[in-house]
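Encoded as structure tokens, the structure appears first; notes follow it.
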Amino acid sequence: MSSTDTGSTEAPSDLRTLLLDRIEDVPDYPKPGVVFKDITPLLADSGAFTALVDALAELAVRHGATKVAGLEARGFILAAPVAVKAGLGFVPVRKEGKLPGVCLAQSYELEYGNAVIEVKQDSFGAGDRVLVVDDVLATGGTAEASLALIRRTGAEVAGLAVLLELGFLGGRARLEESLGGASLDVLVTI
């Protein structure tokens, strides 16, 4: 992977092609007019899935992460094996009410309402460097909230790494300030 001046990383063309060839468009799902990007064919291909996990784990190591956070729900599927491959702990960032014990919550606005995500209060601490992993960067709302939530625990954001960026939705611009100098690494942009 090569870095650009903005701290972003782009996958090499062969990895990009491998991943993109295994992401299927599903028209009119979950509602008419939406083209859903289905990653299940990629996950079912052991070679492609391994290449994806290896690339994301390399980013975790390069950014000096001490933990990997996965965003609900498909981010869990990617972040857990990335953490194992990099030799790090995995922390789920969940929708409100899904975690037991004392949690920190962060609300955020969606294009159609509000939502809340949570993390267990003791999941991160001072000195932790967290790589946030998700499958898709769309409008950036969930990612932005997760960055704020992680910083509230006293941890540092090492970076945000995503499989697929839907560039036309403007999530990157929304995250510019929230990243606070941390990198945004995208393997495939459409």
Side-chain angles (χ1 to χ4, degrees), residues 1-63 65 68-88 90-95 110-111 130-144 146-147 157-176 179 182-190:
M1 284 182 265
S2 60
S3 291
T4 64
D5 293 338
T6 62
S8 294
T9 301
E10 190 174 292
S13 61
D14 57 337
L15 176 61
R16 183 183 187 286
T17 300
L18 175 69
L19 300 174
L20 195 53
D21 285 351
R22 284 152 183 84
I23 298 170
E24 292 183 358
D25 286 348
V26 180
D28 298 320
Y29 181 81
K31 62 183 185 176
V34 173
V35 178
F36 183 78
K37 300 298 182 183
D38 184 9
I39 68 167
T40 56
L42 187 157
L43 299 173
D45 181 317
S46 65
F49 191 27
T50 298
L52 171 59
V53 169
D54 288 349
L56 293 172
E58 177 186 319
L59 291 170
V61 171
R62 183 183 319 150
H63 294 312
V68 177
L71 304 184
E72 187 160 342
R74 294 188 301 175
F76 296 170
I77 297 168
L78 304 181
V82 166
V84 170
K85 176 79 177 180
L88 306 173
F90 164 72
V91 177
V93 177
R94 306 263 349 236
K95 293 177 183 174
L110 300 167
E111 55 276 8
V130 182
L131 179 69
V132 178
V133 173
D134 204 5
D135 64 324
V136 176
L137 172 59
T139 62
T142 307
E144 181 180 48
S146 72
L147 300 175
V157 174
L160 170 63
V162 297
L163 163 59
L164 178 66
E165 177 183 9
L166 304 177
F168 59 92
L169 292 176
R172 179 180 295 265
R174 179 177 184 169
L175 292 174
E176 190 172 312
L179 284 165
S183 69
L184 170 57
D185 298 295
V186 174
L187 300 182
V188 177
T189 301
I190 58 168

Donor-acceptor pairs under 3.5 angstrom involving side-chain atoms of residues 69-87: please list them, not counting sequence neighbours.
{"from": "Glu72", "atom 1": "OE1", "to": "Arg94", "atom 2": "NE", "distance (Å)": "2.8"}
{"from": "Glu72", "atom 1": "OE1", "to": "Lys95", "atom 2": "N", "distance (Å)": "2.8"}
{"from": "Glu72", "atom 1": "OE2", "to": "Arg94", "atom 2": "NH2", "distance (Å)": "3.4"}
{"from": "Arg74", "atom 1": "NE", "to": "Asp135", "atom 2": "OD2", "distance (Å)": "2.5"}
{"from": "Arg74", "atom 1": "NH1", "to": "Lys37", "atom 2": "O", "distance (Å)": "3.2"}
{"from": "Arg74", "atom 1": "NH2", "to": "Asp135", "atom 2": "OD2", "distance (Å)": "2.6"}
{"from": "Lys85", "atom 1": "NZ", "to": "Asp54", "atom 2": "OD1", "distance (Å)": "3.4"}

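Smallest separation of non-hydrogen atoms from Leu59 and Ala161: CD1-CB, 4.0 Å. Among all heavy-atom pairs drawn from His63 and Leu131, the shortest one is CD2-CD1, 4.3 Å. A pairwise comparison of heavy atoms in Ala48 and Leu19 identifies O-CD2, 3.9 Å as the closest pair.
Leu15 CG to Leu52 CG: the interatomic distance, rounded to the nearest 0.5 Å, is 7.5 Å. Taking CD1 from Ile23 and CG from Leu18, the interatomic distance works out to 9.5 Å, rounded to the nearest 0.5 Å. Put simply, CZ on Arg16 and OG1 on Thr189 are 7.0 Å apart, with the number rounded to the nearest 0.5 Å. Here the OG1-CG distance, from Thr142 to Asp134, works out to 7.0 Å after rounding to the nearest 0.5 Å. With values rounded to the nearest 0.5 angstrom, Asp185 atom CG is found 7.0 Å from Arg62 atom CZ.
At least one side-chain heavy atom of Ile39 sits under 4.5 Å from a side-chain heavy atom of Leu163.
Put simply, the side chain of Arg22 never gets that close to the backbone of Ala44: no donor and acceptor are under 3.5 Å apart.
For the side-chain contact (heavy atoms from CB on, under 4.5 Å) criterion with Val162, the lone passing option out of Leu164, Leu160, Leu166 is Leu160.
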Practice problem: Show the numbers, then the answer: is there a side chain to side chain contact (heavy atoms under 4.5 Å, CB included) between Ile190 and Val188? | Solution: CA-CA 7 Å; Ile190 58 168; Val188 177; 4.3 Å; yes
Practice problem: Using the side chain to side chain contact (heavy atoms under 4.5 Å, CB included) rule, take Leu137 and Leu175 through it: C-alpha gap first, then chi angles, then the decisive distance, then the call. | Solution: CA-CA 10 Å; Leu137 172 59; Leu175 292 174; 3.6 Å; yes
Exercise. Please report the C-alpha distance between Leu56 and Leu187 in whole Å, then the side-chain angles of each, then the deciding distance to 0.1 Å, and finally whether the side chain to side chain contact (heavy atoms under 4.5 Å, CB included) criterion is met.
Key: CA-CA 9 Å; Leu56 293 172; Leu187 300 182; 4.0 Å; yes
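Around the OH atom of Tyr29, the shell of radius 6.0 Å holds no more than 12 heavy atoms that belong to other residues, nucleotides or ligands.
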